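Chain identifiers are assigned alphabetically (A, B, ...) following the order of the sequence lines, protein sequences preceding nucleic acid strands; residue numbering begins at 1 within each chain. Here the structure is a predicted model, which is why all the values come from computation and not from measurement.
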Protein chains: 2
Amino acid sequence: MPIIPNIYQNFDDKMRRKLYNILSAKTILYKANQMISYSMGKRNVIGIVEQGQARMIRYEYTGERAILDEFNEGDIFSDMFVESGFSELSVEAITNCTVTFIDYEEMISKAESSKLALQFLNNFIHVINHTLVKRNERIELLTTRTIRNKLLSYFELQAKKNNSKTFNLKYSYTDLADYLAVDRSALMRELKSLKEEKFILDVNKKITLLY
Amino acid sequence: MPIIPNIYQNFDDKMRRKLYNILSAKTILYKANQMISYSMGKRNVIGIVEQGQARMIRYEYTGERAILDEFNEGDIFSDMFVESGFSELSVEAITNCTVTFIDYEEMISKAESSKLALQFLNNFIHVINHTLVKRNERIELLTTRTIRNKLLSYFELQAKKNNSKTFNLKYSYTDLADYLAVDRSALMRELKSLKEEKFILDVNKKITLLY
DNA sequence: GCTTTTTTGTTGCAATTGCAACAGACAAAA
DNA sequence: TTTTGTCTGTTGCAATTGCAACAAAAAAGC
């Protein structure tokens, strides 16, 4: 099981402050449900979630919603990662959030002259790599063709991450449906079958795989 | 429109050879349809497609297939992506391929002592960033809920990339169905409706958006 | 505490999608 | 050139999924 990389690996508070000074980083607080956006003119910016949780969401004109990604403490996001898509995306705070913004080119160029910045760049690469791995998992999920398979795949992934056949669902079923890009009622129906056919146990959001 | 970053930006042949020497890179030739795999023991490895095309594919025990990603010249992939999910993935050469393998940790650690390695690392970051953008597009595609929307989204993306309402499909419809993770006959049916309802023109694989 | 909002759980019905099967077109290989 | 294999295009039918609507439960806000 791969270790989840930390953007602040080997950084204490003092080093972090120094680094943020070198990179002219800005830290901003967002309230729950607030939209997170930040711009340094035309420059590419990276957001680091220091505290709290956020999500990348697409709203359809129909009111339909898709949860594209979730960001927890230590996760990074960037408008660079989404710039050329075909729909309007937004990043929203789920809980109160602290987000630090760093200029991308600044981070790279400073790495040549500052040991601290280079160390941070190394951490950044590990984190972005891990981000890519997560995206891949997401694509694997979404390319399964039935709700049943999406559910089972999602559950298996959670079980794997939790190193146990039992785990707690972090999503509401409403959100899970948007995450798996399926209709909620259809998801509930499939969940019911999975329980009836003894594939899983579901004791209010605590899932156990029975196979 | 973003410039597609090149992993060899500012590298001439001589520099490239020197770099590969520093990083102990290995270049391997694969025949069309061959499976691409390589291992440096337990270390994480990055593959760079030098020539040709390859794909990441999942085969279901049912014989069902999903195309997860396509790699062209200059694209990178990693065993980290392949091994993390819940299903067996493989990378396959579509055409004859030359692939260079680099040790991930080696690439990062050498950047501290070698200017050349640092320059390469910078290029790598730009490329992986771009990879992330592509993955995001893919996720956006897959989170649309009908075949019609998947098709239109895919077409719009191609049109955007081609800077024109008209473009040539690079996939066969069989492959496109596996790429969009839907049934081929259902895709053909939907395509037919789109033509009949004058949303698109399709003159053998040359698509024109009519809206 | 009480009120309001969100989530869960369910269902009938309609629409979409997948499956299976086949014929013809096209491309690759022998 | 003939053969072989893959891709396109199509259809009937069955299965799955989405939609709409509602009640009950739970959570959040006051």
[X] (side chain) donor-acceptor with [Y] (main chain) under 3.5 angstrom:
| X | Y | value |
| --- | --- | --- |
| B:S193 | B:R189 | yes |
| B:R138 | B:L68 | yes |
| A:T100 | A:I48 | no |

Original post:
Of all of residues 181-189 of chain B, which get a heavy atom below 4.0 angstrom from DNA chain D, listed by number?
Top reply: B:R184, B:S185, B:M188, B:R189
Original post:
Going by number, which of residues 190-211 of chain B have a non-hydrogen atom under 4.0 Å from DNA chain D?
Top reply: B:K192, B:K205
Original post:
First and last nucleotide of DNA chain D in contact with chain B, 5' to 3', at under 4.0 Å to a heavy atom: what are they?
Top reply: D:dC7 to D:dG12
Subject >> Reference residue A:R55; test salt bridge (Lys or Arg N to Asp or Glu O under 4.0 Å); the match among A:D69, A:D75, A:D175 >> reply: A:D175
Subject >> B:E70 and B:Y179 side chains, donor-acceptor separation under 3.5 Å >> reply: no
Original post:
Distance only, no hydrogens: is a donor on one side chain within 3.5 Å (strictly under) of an acceptor on the other, for B:S164 and B:N162?
Top reply: no
Original post:
According to the interplanar angle, ranging from 0 to 90°, do the rings of A:F155 and A:F167 count as parallel (below 30°), tilted (30 to 60°) or perpendicular (above 60°)?
Top reply: tilted
Original post:
A:Y30 vs A:F101 aromatic rings, parallel, tilted or perpendicular, using cut-offs 30° and 60°?
Top reply: perpendicular
**OP:** Take A:L176 and A:Y173, measure what side-chain contact (heavy atoms from CB on, under 4.5 Å) needs, and give me the verdict at the end.
**Re:** CA-CA 5 Å; A:L176 185 58; A:Y173 286 124; 4.2 Å; yes
Original post:
So is A:K198 actually on top of A:Y211's ring, under 6.0 Å and inside 45° of the axis?
Top reply: no
